[in-house]
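Beneath this line is the structure, given in structure tokens, with notes to follow.
Numbers here are sequence positions counted from 1.
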Amino acid sequence: FVLRCFEQPRALRVLGGQTGSGKTEALHHMALLGAQVVDLEGLARHRGSAFGALADQPQPSCEHFENRLAFALERCDPALPIWVEDESENLGRVNLPRSFFLQLRAAPLFVLQTPRQARLARVLAEYGGMAPEDMAACLDRIKKRLGGLAHKEGRVCIESGDLPGLAAILLDYYDKAYEKQLRGRAFEGLAEAPSAQAAAPQLLRLAKAYFSKERGIV
């Protein structure tokens with residue numbers, strides 16, 4: 001049943017954006033307003049980066065994650081769009097099923113464009129409470145991709161308590177990675193929004209634009 005569920009074509013709509021753009025927050029707000037949303041990071045209990053593990057919520061097994069995702073998809077109305085966040089194939093130690101991931105990558109992509117200062121503030125709010133040793137361990141995981149100099153500067157920031165400096169280094173790294181991920185993909189950019197709440201009504205209007213007129217939604 002689970003494997004067949006991932007093979008079924010679905011009307012996915014993908015919300016992308018750089019780290020700290022407020023994608024998850026915007027999707028949750030859209031869900032409150034009536035859009036169909038499947039929270040992939042919530043199901044995986046992982047925020048999708050080297051710093052994304054949730055200390056108080058261990059990740060499910062790969063099989064459990066697939067079960068949770070299948071049931072979430074089956075609860076959706078197949079006649080309406082399903083909004084998901086733009087993700088890589090792996091979320092921590094669990095993977096998106098290949099057939100579902102291919103659908104995600106082929107689906108219409110809308111990129112949320114949020115000012116850098118707002119993104120920095122959101123990253124600090126989400127990750128600033130991590131213990132220094134946990135920050136250092138996460139930073140060490142991306143040492144090779146981050147580069148020796150940036151890694152060294154990041155460790156200095158952790159040791160000195162300069163969290164804004166560390167956040168700036170990480171945004172530079174993840175911005176470059178996301179730009180690379182977007183290459184060759186067609187997408188529609190959404191107007192800059194200083195907060196997810198400001199963006200959500202516009203996103204919901206986009207979602208409703210795909211809803212069936214027969215269902216009486218304008």
Side-chain angles (χ1 to χ4, degrees), residues 14-25 27 39-66 69 84-98 100-102 104-105 109 111-185 187 196:
V14 183
L15 181 63
Q18 296 167 311
T19 298
S21 295
K23 301 181 293 294
T24 302
E25 187 180 346
L27 287 172
D39 183 358
L40 299 176
E41 293 184 353
L43 295 174
R45 295 176 185 158
H46 198 279
R47 297 192 186 103
S49 72
F51 290 75
L54 306 179
D56 58 338
Q57 297 183 43
Q59 284 197 268
S61 66
C62 290
E63 183 179 38
H64 189 193
F65 169 68
E66 289 186 352
L69 176 57
V84 297
E85 189 168 332
D86 194 16
E87 301 288 357
S88 58
E89 197 163 1
N90 62 297
L91 286 161
R93 63 184 181 87
V94 302
N95 298 321
L96 293 177
R98 184 66 179 170
F100 177 79
F101 176 71
L102 292 176
L104 184 152
R105 281 301 171 90
L109 171 64
V111 176
L112 181 60
Q113 298 166 326
T114 305
R116 182 179 173 88
Q117 284 305 118
R119 295 194 294 121
L120 279 169
R122 183 172 283 106
V123 168
L124 287 171
E126 289 182 357
Y127 301 102
M130 290 179 67
E133 58 270 22
D134 293 334
M135 288 186 184
C138 291
L139 191 70
D140 289 347
R141 291 194 197 107
I142 57 173
K143 178 178 179 179
K144 185 174 181 181
R145 288 173 289 163
L146 189 62
L149 179 59
H151 175 264
K152 182 178 179 180
E153 291 174 345
R155 290 299 296 259
V156 169
C157 288
I158 294 173
E159 292 166 8
S160 65
D162 181 12
L163 298 185
L166 175 63
I169 291 171
L170 292 173
L171 277 193
D172 288 341
Y173 164 72
Y174 282 112
D175 284 356
K176 290 177 183 177
Y178 193 62
E179 287 171 10
K180 183 177 181 181
Q181 183 180 324
L182 285 181
R183 288 175 192 164
R185 298 175 68 187
F187 63 88

How long is the span from the OG atom in S21 to the OH atom in Y178, to the nearest 0.5 Å? 8.0 Å
Counting C-beta onward and ignoring hydrogens, is there a side-chain heavy-atom pair between L109 and V111 closer than 4.5 Å? yes
Hey, is R185 close enough to D86 for a salt bridge, meaning N to O under 4.0 Å? yes
Quick one: pull up CZ in R122 and OG1 in T24 and give me the separation to the nearest 0.5 Å. 9.5 Å
Nearest 0.5 Å, please: how far is CE in M130 from OH in Y127? 8.5 Å
Do we see a donor-acceptor contact under 3.5 Å between the side chains of T114 and Q18? no
Within 6.0 angstrom of E133 CD, more than 12 heavy atoms from elsewhere: yes
Side chain to side chain contact (heavy atoms under 4.5 Å, CB included) between L40 and L104, intermediate numbers included: CA-CA 11 Å; L40 299 176; L104 184 152; 3.9 Å; yes
State the CD1-CG distance between I169 and L146, to the nearest 0.5 angstrom. 7.5 Å
Taking the side chain as every heavy atom from C-beta outward, state whether N95 and F101 have any atom pair closer than 4.5 Å. no
Before giving the answer on side chain to side chain contact (heavy atoms under 4.5 Å, CB included), spell out for L139 and L170 the whole-Å C-alpha distance, their side-chain angles and the decisive distance to 0.1 Å. CA-CA 9 Å; L139 191 70; L170 292 173; 4.0 Å; yes
If every non-hydrogen atom of G17 is compared with every non-hydrogen atom of K23, which pair is closest and at what distance? O-NZ, 3.1 Å
Interatomic distance, CZ@R145 vs NE2@H151, rounded to 0.5 Å, equals 12.0 Å
Just by distance, do the side chain of E159 and the backbone of G154 share a donor-acceptor pair under 3.5 Å? no
Closest non-hydrogen contact found for L124 with A167 is CD2-CB, 4.0 Å
With a 4.5 Å heavy-atom cut-off, do D140 and R155 have their side chains touching? yes
What distance do E179 atom CD and L182 atom CG have between them, rounded to the nearest 0.5 Å? 8.0 Å
SB check D39 R45 (cutoff 4.0 Å): no
Candidate pair D175 and K180, rule salt bridge (Lys or Arg N to Asp or Glu O under 4.0 Å), full reasoning: CA-CA 9 Å; D175 284 356; K180 183 177 181 181; over 6 Å; no
Identify the two heavy atoms, one from G165 and one from C157, that lie closest to each other, and give their separation to 0.1 Å. C-SG, 3.8 Å
Could you check E41 against H46 for side chain to side chain contact (heavy atoms under 4.5 Å, CB included), going step by step and ending with a plain yes or no? CA-CA 5 Å; E41 293 184 353; H46 198 279; over 6 Å; no
I need the minimum non-hydrogen distance between E85 and V14, along with the two atoms involved. C-CG1, 4.1 Å
Please step through side chain to side chain contact (heavy atoms under 4.5 Å, CB included) for the pair Y174 and I142, ending with a clear verdict. CA-CA 11 Å; Y174 282 112; I142 57 173; 4.2 Å; yes
For A44 and V94, work out which heavy atoms get closest and say how close. CB-CG2, 3.8 Å
Where do G128 and M135 come nearest, in terms of heavy atoms and distance? O-CE, 3.8 Å
Within the structure provided, determine whether L96 and L91 are in side-chain contact (heavy-atom separation under 4.5 Å). yes
Would you say that R105 contacts E89 through its side chain, given a criterion of any heavy-atom pair below 4.5 Å between the two side chains? no
